[in-house]
Each structure stands twice: as structure tokens, then as C-alpha cells.
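Right, one structure below, let's go through it.
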Amino acid sequence: MTSFVSSLRLSALVLLLALPGYPSPAQDQDQALLAPAKPKITKADDLPRHTYPVQGSVVDLVTSADKFAPFAAQVRADVEKDLATYDIEDKTTLKGLKGTLLTLDLLEGKNDDARKLIAEVRALEDKPALKLMTGFIVETRLDVEEQTKQTDLSDPAFQQAFQKELTTRANALPWDVVHDELKQTMGGFEIRSRNLLIGKVQSEIDPVVKQSGSLSSDLADAVIGIRSSLEFAIPLKDPVVAALNAVIQPHAEADANKPDIWKDRAVTLTADQKATPVVIGIWDSGVDPAVYPNQLFTRVPDFSDPNDPVAITAISKDKPLIDPHGLAFDLHSNRVHGELYPMGDNAKRLPELKDQIKGILDITSAVDSPEATALKAKLGTLAPDQVKPFIEDLGLFGNYIHGTHVAGIASDGNPFARILIARLTFDYHLKPEKPTVEQSRKDAAAYQVYVDYFKQHGVRVVNMSWGGSLKDVDDALEKNGVADADERKKEAREIFDIDKNGLLKALQSAPDILFVTAAGNSDNDVNFDEVIPSSFILPNLMTVGAVNQAGEETSFTSFGKNVTAYADGFEVESYIPGGSRLKLSGTSMASPEVTNLAAKLFALDPTLKPADVIDLIKSGLEPNPQDKRILLINPKKSVELLIARQGGKP
């Protein structure tokens, strides 16, 4: 499984109706009778697989126009054929395919075609901020090129004109809608460098080609994006950062004091209230028990009972496995000791790693901090061969802090919370281990052990800020040398289905436990992409999307028909191991907000069932005033509804 730490929308009919010359209904019916219906694509696995042979290194491919041209032509032909052949309903997929064509058009200088595609992609976008920002910088560049008759992006005169125009246009955007997206865009440009891009190719993509001699469609898209960044983004890095910074900084003070809708909705329980302790399962990468000394679940093992299968499980003949605050499994689903993600020899580097991840977060949030300044300096001197360890360091530290941060959100304001630690071990390497049927079976068995443990120890609600998909398995197989697309598809499906069915069966076996999961951070439809567990539809499961401080949908949050509630998932502050605090963003932070509310409802009325709690949470949902699609939790309202149902006054 892969942890969510964090990633394109209007119906096709509406888009066509908006175009000039769209046929009348009668004409459309006549044409439909003459033309065969296109095969309908209802899930990602139905999409055709394409493979692209690569001679030599991928670094040469992204840096040589001559080598890139035939590769790009193959990709273009396949994308255009897929769009013409299939009826693809998923907007994210359509945006991805059209986005690939858009990038190729820009690289080939087909600017008029690129402008048309920007409009098409923008029309598919549902999220207000992304709708405004789609193609924003590209269109500005193209307009300035036409005005100045200059295509040399490094020319000082061009950069000055571009910066001025971009500043003007960014200032004209509605700040309350695009502020987060502008900050993240600026941060992305600040972090980006030629060495970082080349290092990414060398560490992630070149090894695949060396093993198999080819690339999948997904990696081919990555190659196209990297070449585009080298051609356009890197030369314009300084003027883009300067322009966006000029727009962002005047709002800094107001942003620091902007209204927070969540404060007025918060519910805080106090120790003197009449409530019942509630056990919350934090099924995550581990929790530092020292951070929550008064809120821990503690299992006292019965040494007199040799048949106690959970508290005492032999991992060797003379060493029983005893974890008083929960249980843990390693990367290969073997029972192990330890509540916190193991750092090994990296433990001595924790202060350095913490500063690096804080620097990344501050840069992408337009926060001028010592950590951000230090990280910019480090990135400026980062050599390509240093990119892999740098990225893996961030992944390792992210896993280390993830569960502790989640636990703080889930238990905040609830003295009756009892945190049960259920530690998963996530991989952080750019090249993951090769997925196998055998390992998937072990993972599926481990899921049931976790859930049985929850049942045996009275857990009422479990937070699951993680997930995985069929695509994740496919990608891992490719990175481990499975080049044949059909073989990879078959193998990935077998492995994924074992994992999916094992997790589904485990959750179904605990109807009296409420499971709350993060939707994901890939800006995709979790049902179309078969993301688990967020695509599951169960009576004891809630899937949660992320919004910001003002209740606006984040650009990264995934979505789908069963993403029924949204909660704060943007720059949410909580504890990390050791007891310091850090602001993190993601649906990983939104999910425990709902877990927190559920735990408080269970504490106030322990007779509630999962269905009752889900009903109270859903009955308290309120639409975002500017975007009725987004239904926001309101803890205060849900608690008032519970009190009213108990016969009290709300």
C-alpha cells in the first residue's frame, strides 16, 4: 500500500453545446445512426496500454530535440487515436490526454492549437481555482511573445515584459479564489531547477529504460513534462517568481488574519463532562506515544493465558511480542515491535530532515522562513546524483511524522480519546520493491489481523489516511522491469485484487466500527482509478475530501461519488514525534477531522452505531456558499443534533 502524503473537469455535452456549429438534436441523432458507438471507458483499467521503445538514456531524450521528435510523434499518434476511438467519461483522464497534446503543441510551436486545447482543458475543470489558473502562465507567455515578436525566453527585455504582464494579470484574478494556487505555483517554480529535473530522470526514469528498453504511457508523459519544464519553465523561473511574489506579498498580513470557519464550528469536550472513553484506531505509519501520554489506549497483556493471540504472539521461541498501545507490521507484513516508524541510523539526522520538510512546506506556502531560505540554497547547489537521496529523505521523514500528526488531529479537544496505535510500514524509495502475489496475500492477511485487533479491544472509529491503486501496482512492476504492457496489466490486476478484496473483507467483518479514510491527493476520481479504500462503498466507511481554512476545495483533493464530506486539510497544525508542531496539508489531515468528530459523538453517546454517527455527520453538512458541490462538516451542528435527539436542548 502507498501512503497519501501530497495530487483536470464540466461535462462533455455542455462543452460541445458551447461550441459554434454544434449540430441540432435531430442532426445528432441521424449521425449517431450512421456512426458506430464508441467503446465506453468506465474505469482506468479499460484504457489501452502503450509502450514506447527508447534507445540510449532518457536524459538524452529530454535534452535533444532530434531524439525527442520521433518519440513525441509516437505519443501524439496514440493520444489522438485514443481520443478519437473511445468514449471517455472521466474528466481527469480527458484533461490528462488533452494536456499531453497541449504540451506537445507548445514544444512544436503550434501555439494556435495550444490555445484551443487550453480552452478545452479549462472547460473540463470543476475546481474554481484550477479553472482560473489552467493555462494562465502559458497564455501570458504566448501573448507577450506575439506582442514583442520575441521568442528567446532568456532575453532580458522579454523577461521584463513578461514579468510586468504576468503581474498585471495575476493581480486581476480574484484573490480569495486563487490565493493558495498562486502560492503553490510560485513555490513550485522556486523549487524547480535543471539539476533537479535531470536528477529525477536519472533516478526514476533512466533505470526503467535500462531494464526494459521502453517506457509506459505514464512515464512517457513524465518525460514530455520534464522536457517542457526545461524548455519553458526553467528560463522563466525568475520572472515568474518575481511577478507572483509581487502579487502575494501585499496580502500576507491579511492572509495571516483571514477568517477561519473551523474555529466557529469546533467542539471541545472537557474532562468534567458526562462522557465515555472512546478508543480511536490510528491505522497509520506509527505514533510517538510520548506525545500523547494521557490519551493512549493501553492493553495489559494476560501472561497467564498462553492462547491470547493478540497481546502475546511469539515471534521467536523465547521472545513474546507485546505492544501495550497497539500492534505493528513491517513492510513485508511481519509482526514487529514498535509504535513509531523506525528511522534506524537516520535518527541522528532528524533535526536536519525536519528543517528540510519545513522548508519545502514554507516555500510552497510563500512563507519566508530560515528553513525556506536554507532549502533554497541547498536546492541551488544540488547535483543531479544528489536528487534521489534528497527525495527519499523527504519521503522517509514524511512517513516518520505522518501518524503522529494524524493522531493529534483525531484526538484534539477530546480528553476521552484513547489512541490505539496500528502501525503500517510504508516504503519511501523511488524504486519500490517488486509487488508479488505472495506479498499481497500476506498484506491481505495482515489487514484482517489489524481489524480483529480493533474488534477485540473495543475500537469505535478507525482513521485510515492512506491508500493505493491499481496504477500504483502497475507503476511498481514497470520500475522493476516488467516491460510488456499486457503482462504487466494482468499481473497488476491479480496482485491488486488480492489486496483490495482482503482489505474490503476485513472492513466488512467489523460492522460496529466506523472507518474514516482520506480521499487522496491526486485530483482524480477515486472510483474511476480504483483507489482503495477510498473507492469502497460500505455502510461503516466515510471517505473525506480536503478544503482550506475558508472551506474552499483544495486543488489536490481527490473526489468521487462516495466522497461525501469535506474537512480542513490545508496547513493543519498538529504534533510530530518529539512534541513539536508542524503544519501539513493533504486529505490525510482532513480525514482525522471527521474521525475527531465521530469519536466525540461516540464519547457523548456510546450506544451509537456507525450508521447513527454517519447520519449525524451528514445531517450536519453544509454546502460551501460559493460552490454547492462541496459539503463541509460542522462538528457543532452534528453535536447539537445528537443532543436534540437525546431530548436535550441544542
Quiz item: Does the side chain to side chain contact (heavy atoms under 4.5 Å, CB included) test come out yes or no for Val544 and Thr517, once each step is laid out?
Solution: CA-CA 6 Å; Val544 185; Thr517 189; over 6 Å; no
Practice problem: Decide side chain to side chain contact (heavy atoms under 4.5 Å, CB included) for Gln184 and Ser555; before the verdict, give the C-alpha distance in whole Å, the side-chain angles of both, and the deciding distance to 0.1 Å. | Solution: CA-CA 10 Å; Gln184 291 173 41; Ser555 60; 3.6 Å; yes
Quiz item: Does the side-chain hydrogen bond (donor to acceptor under 3.5 Å, both in side chains) test come out yes or no for Ser57 and Asp60, once each step is laid out?
Solution: CA-CA 5 Å; Ser57 75; Asp60 290 340; 3.2 Å; yes
Exercise. Give the intermediate values and the outcome of side chain to side chain contact (heavy atoms under 4.5 Å, CB included) for residues Leu47 and Ile88.
Key: CA-CA 9 Å; Leu47 291 165; Ile88 303 171; 4.1 Å; yes
Quiz prompt | Step-by-step side-chain hydrogen bond (donor to acceptor under 3.5 Å, both in side chains) determination, Asp78 to Tyr52 | solution = CA-CA 10 Å; Asp78 286 335; Tyr52 303 97; 2.7 Å; yes
Quiz prompt | Derivation and outcome, side-chain hydrogen bond (donor to acceptor under 3.5 Å, both in side chains), residues Asp143 and Thr140 | solution = CA-CA 5 Å; Asp143 288 347; Thr140 303; over 6 Å; no
Quiz item: Please walk me through it: do Gln159 and Leu153 pass side chain to side chain contact (heavy atoms under 4.5 Å, CB included)?
Solution: CA-CA 7 Å; Gln159 293 206 345; Leu153 305 187; 5.5 Å; no
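A donor atom on one side chain and an acceptor atom on the other are found under 3.5 Å apart for Thr100 and Asp221. In the model, Asp443 has no side-chain atom that pairs as donor or acceptor with a side-chain atom of Ser440 under 3.5 Å. For the 3.5 Å distance criterion, the side chains of Asn524 and Thr92 fail to qualify, holding no donor opposite an acceptor. Asp218 and Ser216 share no donor-acceptor pair across their side chains, judged by distance under 3.5 Å alone. Side-chain atoms of Thr168 and Asn171 include no donor-acceptor pair closer than 3.5 Å.
A donor-acceptor pair under 3.5 Å is formed between the side chain of Gln150 and the backbone N or O of Asp152. In this structure a side-chain-to-backbone donor-acceptor pair under 3.5 Å is missing from Thr103 to Gly225. Distance alone, capped at 3.5 Å, is enough to place a donor-acceptor pair between the Asp155 side chain and the Ala157 backbone. With hydrogens and angles disregarded, no donor-acceptor distance shorter than 3.5 Å links the side chain of Asp355 to the backbone of Glu371. Arg49 contributes no side-chain N or O that, together with a main-chain N or O of Ala485, makes up a donor-acceptor pair within less than 3.5 Å. Distance alone, capped at 3.5 Å, is enough to place a donor-acceptor pair between the Thr381 side chain and the Lys378 backbone. With hydrogens and angles disregarded, a donor-acceptor distance shorter than 3.5 Å links the side chain of Asp472 to the backbone of Ser469. At distances below 3.5 Å, at least one donor-acceptor pair connects side-chain atoms of Ser212 with backbone N or O atoms of Ser214. For Ser193 (side chain) and Leu196 (main-chain N/O), a donor-acceptor pair under 3.5 Å exists by modelled atom type.
Around atom CG of Asp368, no more than 12 heavy atoms belonging to other residues, nucleotides or ligands sit under 6.0 Å away. Counting non-hydrogen atoms of other residues, nucleotides and ligands closer than 6.0 Å to NZ of Lys376 gives a total above 12. Within a 6.0 Å sphere centred on NZ of Lys489, heavy atoms belonging to other residues, nucleotides or ligands number more than 12. Heavy-atom neighbours of Lys479 NZ from other residues, nucleotides or ligands within 6.0 Å: above the threshold of 12. Within a 6.0 Å sphere centred on CD of Glu80, heavy atoms belonging to other residues, nucleotides or ligands number more than 12. The number of heavy atoms from other shown groups lying within 6.0 Å of CD (Gln249) is above 12.
In plain terms, the two heavy atoms of Val62 and Leu230 that are nearest each other are O-CD1, 4.0 Å. Taking every heavy atom of both residues into account, Asn562 and Ser534 meet most closely at ND2-O, 2.7 Å. His402 and Ser465 get closest at one heavy-atom pair: CE1-O, 3.3 Å. Contact detail for Pro174 and Leu132: the closest heavy-atom pair is CG-CD1, 3.6 Å. Minimum interatomic distance between Ala546 and Gly569 (heavy atoms only, all atoms of both residues): CB-CA, 4.0 Å. The two atoms that bring Val473 and Ala492 nearest to each other are CG1-CA, 3.8 Å, heavy atoms only.
Residues Arg488 and Arg493 are not in side-chain contact: their nearest non-hydrogen atoms beyond the backbone lie 4.5 Å or more apart. You'll find the side chain of Pro207 stays beyond 4.5 Å of the side chain of Lys431, heavy atoms only. For the pair Arg629 and Phe559, the minimum side-chain heavy-atom distance is 4.5 Å or more. Between Phe397 and Gln356 there is no side-chain heavy-atom pair separated by less than 4.5 Å. Side-chain contact check for Leu361 versus Lys583: every heavy-atom pair is 4.5 Å or farther apart. Between Leu130 and Asp523, the closest side-chain pair of non-hydrogen atoms falls below 4.5 Å. In this structure, Phe68 and Leu107 have side chains that are in contact, with non-hydrogen atoms separated by less than 4.5 Å. Asp474 has its side chain out of reach of Phe496: every pair of non-hydrogen atoms, C-beta onward, lies at least 4.5 Å apart.
Tested against Asp105, the residues Lys116, Lys98, Arg76, Arg115 include a single salt bridge (charged side-chain N to carboxylate O under 4.0 Å, His left out) partner, Arg76. Residue Leu394 forms a side-chain contact (heavy atoms from CB on, under 4.5 Å) with just one option from Leu353, Asn399, Ile360, and that option is Ile360.
Under a cutoff of 6.0 Å and an axis angle of 45°, Arg169 and Phe136 do not form a cation-pi pair. Taking the ring axis of Phe189 as reference, the NZ or CZ atom of Arg192 stays within 45° of it and closer than 6.0 Å to the ring centre.
In this structure, Lys500 pairs ionically with Asp497, as a charged nitrogen and a carboxylate oxygen lie closer than 4.0 Å. Between Lys358 and Asp362, at least one side-chain nitrogen of the basic residue sits less than 4.0 Å from a carboxylate oxygen of the acidic one, meeting the salt-bridge criterion.
With rounding to the nearest 0.5 Å, the separation of CG in Asp113 from CG in Leu102 is 10.5 Å. Atom CD in Glu553 sits 10.0 Å away from atom CG in Asn548 (nearest 0.5 Å). One finds the OG atom of Ser535 at 9.5 Å from the CG atom of Asp525 (value rounded to the nearest 0.5 Å). Put simply, CG on Asp393 and CD on Gln386 are 11.0 Å apart, with the number rounded to the nearest 0.5 Å. Going from atom OG1 of Thr51 over to atom CD of Gln74 covers 10.5 Å, rounded to the nearest 0.5 Å. The distance from atom CD of Glu552 to atom NZ of Lys127, rounded to the nearest 0.5 Å, is 13.0 Å.
Aromatic ring orientation, Phe158 versus Phe162: parallel (interplanar angle below 30°, classes split at 30° and 60°). A tilted orientation is assigned to the rings of Trp466 and Phe426, their planes being inclined by 30° to 60°.
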